[in-house]
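Residue numbers begin at 1 in each chain, while the letters A, B, ... track the order of the sequences.
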Amino acid sequence: MVDYNFREIEEKWHSIWRKERVFEPEIDQNKKSFFINVPIPYPSGSLHLGHFYTWTRADIYARFMRMRGFNVLFPQGFHLTGGPIVGVAKRVKEKDPETLEFFKKQGVSDSELEKFSDNPYEVATYFCDTFRSDFENMGMSIDWRKLFITTSLNPHFSKFVQWQFNKLRSLGLITEGRHPVVWCPKENTPLGDHDRSEGEGESPQKFTIIKFRSGDIVLPAATLRPETIFGATNIWINDSKQYSIVEVNGERWVVASDSIAKLSLQIPGIKRMDNISPKTLLNMEAINPVNGEKIPILGAGLVDTEIGTGVVMSVPMHAPFDFYYFKKAGLKIKPKKVIDVVGDDNIVEDAIKRFGETDGGLKEATRFVYKKEFNTGVMNSMAGDLSGLQVKDVDEPISDLLRSKGAYSEMYELTGKVVCRCGAKGVVSVLEKQWFIRYSDKEWKTKTRKLIERMNIYPEDARLQFLNTLEWLGDKGAARKGGLGTPLPWDSEWIIEPLSDSTIYMAYYTIADKIEKIPLESIDDGLFDFIFYGKDDGKETYKKKFSSLREGFMYWYPVDLRLTAKELLQNHMMFFLMNHTAIFGEEHWPRGMEINGWLTVGKEKLSKSKGATLTVKKGLEMWGIDQLRMIATAGNGMDDVEWDPVSVNAFSQRIRFVLDTVEGMNIFGDEKTIIDRYLISKMNRIIAQATSEVEAFRYGNAISSSFFGMYNEFRLYLELGGRNKSSIQRFLSVFVGLNHPFFPHITEEINRRLGNKELLESSAWPSQNIEEIDDVLENEIESLINTVEDIKNIIKLIKKKPEKIQISLAGKDKFDIYNTVARETKNSKNVIEIRRAIKLNSKVLDKLLKNPDKLPVKVLDINVEMEVFEESVGYLEKTFDCKVKVERNSEEDKAMPGKPAIKIV
RNA sequence: GCAGAGGUAGCGAAGCGGUCAAACGUGUAAGGCUAAGGACCUUAUGGCUUAGGCCUUCGAGGGUUCAAAUCCCUCCCUCUGCACCA
């Protein structure tokens, strides 16, 4: 066996493609365009096999579409927007050992490292270079002329993003408002998940503040369940704690002194005025804003002054804690029930009985009651205008009602404890003057829903997820004050944040190489209006100078396909769709998306830590590109896929066999048999199968037939004695064609060795000739194989070397009955119905219908069966090393169509 | 908690009402070929079976059907996202 150097072959073909510029498409109005892309990655180290997985999936499709005659554009850019790179540069300056170690491992020299110190630009450049070279080593069919980076490091791109934001603003889709964030009070910055030593995933939760009044004093009770106000019996305060009067918008609020620091981050202009003793408060009465009732103020230890305002409204019939303390206080007032739950009239009492009167028990009971009432409760007649509403729909109406009474306000608490890496306890801060993209806009969502409903989405399950995401999608803060990025055009203090500047940049690919040659001064919003909308200034100023940019956009857009892993579905991909429907006309809305799962190796996800050990570089050293590309076929759909490196053997073994076969083509001749017809029939069947599997991104299924299936058919052909040179030539040419998107280099090599002159990369995808498919022949070959299995089985059972094997095929009448049943099973597979339809009294029929699980469904033919078996006598005799006799029309009882009687002596 | 997806033989992964003891790949075992190892070839790989057969399986438990890995219900477990984070 010849030894093949796969790496050498890969490099050879890669450089040929580059030289022939097959990945650098030019605009050609006679050719349909196909624009495919993968989200721009944020560079931070080397690419790992997880990246390889996603990009290879894209590359396969790009090559597939190229072969199908499309003019394919597959570009790649890099995303530098955001904080991490700035952080890295800062940490290099501070000589953070972990960071220095990281770069050393990456092979960065000390002098280079010096340059990174406090210089994000240098870091960014470095990362972009490593990313690009990783991509190139991966053999991706990317058009690098279109490469661009984001942020003001690329001022041309920034101009584009600013145009986008001016556009959104002019459409009324940008607003200014306040926004709660988790906040580190020590470092005075937002506290993202990555910055926390404790409390990942915790977020601000909105509490409604209901303003009860007592004279000119406001008692702001914070609650998660404002709708229970109709049943408020009293106000609780903690009479062992300090209370203060603070000024809020000219009102005098009573709050626990403990809560003032927290509230001051949330309520602008809050001012502490005075102390007020709990004793004074206990002598006051408060007015319930929704019904004017006067209710007392009571002291209770249950009030935690760390939560909310330290002022709590008491609703005994709907809150276990309130019920328990209310009873203890011995008040004469009769508590009102305002929510009905079918089948549980005393839900609070029942819950306390069930969970106990301890602190923990009351907590459990509270959870239980809240959940039950929220999901199944209905506001009853005590609830005024809200009567009859379901509790889960009551949020807005109750807020509106409170607002109308001047009794509404709000605040936030964390859903759990958060601790910053610096050690400080996280709090909620409400940031003022934030810029938002109004993703909550109903009309905008309707438009986007239309897009989601009509676009191609693979796998189909993802569509539902997009539609559901649309339901809860809310406004998104679009700018912040730190990190790299593009300044907001109308307020340059703010930098547009990473998920907002990367929503329509795919359009920028279509012009990237051209626009970056235009002097910055000539670029204004008018230019982009011209490129993307064809708007000119009346004197055709833009058209005269920039028509090629407009042409590029019009030719390549829209995005035909965007591929990514599932974690981007509900954020990035959603924003991508939303922004397209806002900014572009329907003809430029995206056409397709593919969402894939995660790659795992040894059941571990390729996160950053694991990824560092399984870099693309290492993988390529060990296996080479084509073999490594098996990864992309590891699974289908959105499930995570496990990849076992050992499985690459399957590839090289078979490829070697094919290469050897091609080397030794001269041993084959001109003689054709029924086996050749079979081979070509199978080939045509597989072409259609493989094509539809690739189209649907079920790559695993695709190579299962195009690679392994074809290989196995080829082996079978040889085993059955197939020796025709032109059949083999034709079959292998189709084999390399169908497999080229998956294993581009080696297929290109085999194709050339087969004597085909054209580059596979630019030749046509194999097409099916349906005329050559012969169902009956395929079924009969299967009969032959099954019969061989049976014979082997019997020989094993009788433990004796056969001297002679006699194979008796069933007679024509049996075939007739068999085929009648096979046709009938297409209508119904119910044995009783088949019998009724056929109306025949026959032992053969009884036998066929005996096992309802094994009904005949294939059509068979006595003559074909005869031909197949007779032509295979040589093969059978070789296999069993004895005389084999085939006879037809036998009276043998056991012989059935497709299952001849076997006699071994 | 909310939303979506999923749990199939040692492993990975197809199948999504009847051709299912379940494709394909890989692993394991025995034999062949080799000076030897690798590669390659043959066979076995749920259980039972001296003539091609039978029995029990597709997270657990129920149900629908002549027929369920496939449809419905309940439960258990896993993955993804939940927004200032790229």
Side-chain angles (χ1 to χ4, degrees), chain A residues 1 39-42 44 79 81-85 179 181-182 190 192-195 201 203 367 371 415 431 434 436 439 459 461-462 464-469 471-480 483 497-500 502 565-572 574-575 595 597-598 600 603 605 630 633-644 646-653 656-657 698 700-701 703-705 707-709 712 779 782 786-787 789-800 822 825 828-833 852-858 894 899 901-904:
Chain A
M1 184 179 274
I40 44 178
Y42 189 83
S44 54
H79 200 207
T81 312
I85 287 180
H179 184 58
V181 294
V182 182
D193 266 351
H194 308 300
D195 308 321
S203 58
R367 261 176 66 88
K371 209 171 143 185
T415 49
L431 302 178
Q434 285 273 300
F436 289 91
Y439 288 128
D461 315 327
L464 187 62
Q465 209 156 329
F466 275 110
L467 289 171
N468 278 313
T469 306
E471 296 302 315
W472 56 255
L473 194 64
D475 295 350
K476 164 147 181 63
R480 47 185 159 129
E497 63 84 40
L499 281 173
S500 300
S502 59
K566 60 183 169 184
E567 77 271 17
L568 293 186
L569 191 158
Q570 297 185 56
N571 40 64
H572 167 75
M574 204 61 223
F575 302 146
I595 311 291
W598 290 53
T600 63
K603 286 282 179 204
K605 237 172 280 166
M630 288 281 290
T633 67
N636 304 313
M638 275 197 293
D639 297 342
D640 291 350
V641 292
E642 166 72 12
W643 182 66
D644 181 355
V646 183
S647 64
V648 299
N649 289 340
F651 171 78
S652 61
Q653 287 167 17
R656 283 201 167 84
F657 181 83
R698 292 188 294 260
N701 295 9
I703 65 157
S704 193
S705 47
F707 189 78
F708 296 106
N712 290 343
N779 293 340
E782 211 174 298
N786 290 340
T787 305
E789 285 298 308
D790 286 345
I791 296 172
K792 282 180 183 166
N793 232 335
I794 295 166
I795 291 174
K796 211 180 74 191
L797 287 171
I798 60 176
K799 287 180 186 147
K800 169 189 155 201
T825 54
S828 163
K829 287 185 170 153
N830 188 330
V831 176
I832 297 162
E833 278 172 35
D853 283 339
K854 290 184 179 159
L855 295 174
V857 287
K858 298 183 279 200
K894 272 203 168 158
K899 205 168 170 60
I902 302 159
K903 210 174 244 169
I904 298 173

Query raised in the report: When you measure from the side chain of A:E497, which nucleotide among B:A83, B:C40, B:C84 comes out closest?
Result: B:C84

Query raised in the report: With a 4.0 Å cut-off on heavy atoms, is A:K899 in touch with a base, just the backbone sugar-phosphate, or nothing at all?
Result: base

Query raised in the report: Counting side-chain heavy atoms from CB outward, which of B:C24, B:A51, B:G4 is closest to A:I904?
Result: B:A51

Query raised in the report: Under 4.0 angstrom, heavy atoms only, what part of the nucleic acid is A:G477 near: base, sugar-phosphate, or nothing?
Result: base

Requested in this report: Identify whether any heavy atom of A:A462 sits under 4.0 Å from a base atom; if not, whether one sits that close to sugar-phosphate; answer base, sugar-phosphate or nothing.
Outcome: nothing

Query raised in the report: If you measure from the C1' atom in B:G7 to the same atom in B:G12, how many Å do you get, rounded?
Result: 14 Å

Query raised in the report: To the nearest 0.5 Å, how far apart are OH in A:Y42 and NE2 in A:H79?
Result: 9.0 Å

Requested in this report: Would you write the dot-bracket representation of RNA chain B, where each base gets (, ), [, ], | or . depending on whether it forms a Watson-Crick or G-U pair under 3.5 Å and with which partner?
Outcome: ((((((((.[[[..)..(.....]]]((((((.......))))))(((....)))...[[[[[..)....]]]]])))))))....

Query raised in the report: Where the side chain of A:Q653 is defined as all heavy atoms beyond and including C-beta, which of B:C82, B:C40, B:A3 is the nearest nucleotide?
Result: B:C40

Query raised in the report: Where the side chain of A:L473 is concerned, which of B:U26, B:G6, B:A83 is the nearest nucleotide?
Result: B:A83

Report task. Would you mind classifying the nucleic acid contact of A:N786 as base, sugar-phosphate or nothing, using non-hydrogen atoms under 4.0 angstrom? Result -> nothing

**Report entry** Which nucleotide in B:A39, B:A83, B:A86 has an atom nearest any side-chain atom of A:S203
**Finding:** B:A83

Query raised in the report: When the C1' atoms of B:G17 and B:U65 are considered, how many whole Å apart are they?
Result: 9 Å

**Report entry** Minimum side-chain heavy-atom gap A:T633-A:F707 below 4.5 Å
**Finding:** no

Requested in this report: Would you indicate which nucleotide in B:G52, B:C84, B:U26 comes nearest to any side-chain atom of A:A901?
Outcome: B:G52

Query raised in the report: Heavy atoms under 4.0 Å, any strand shown: does A:G83 hit a base, just sugar-phosphate, or nothing?
Result: sugar-phosphate

Report summary line: Those residues at least two apart in sequence (or on a different chain) that pass side-chain hydrogen bond (donor to acceptor under 3.5 Å, both in side chains) with A:N701 are A:N636

Query raised in the report: Closest to the A:F436 side chain: B:U42, B:C84, B:C24?
Result: B:C84

Query raised in the report: With sugar-phosphate meaning primed atoms plus P, OP1 and OP2, does A:N701 contact a base, only sugar-phosphate, or nothing at under 4.0 Å between heavy atoms?
Result: sugar-phosphate

Requested in this report: Not counting sequence neighbours, which residues clear side-chain hydrogen bond (donor to acceptor under 3.5 Å, both in side chains) with A:E782? List them please.
Outcome: A:K858

Requested in this report: Could you check whether A:L568 gets within reach of a base, just the sugar-phosphate, or nothing at all, counting any heavy atom under 4.0 Å?
Outcome: nothing

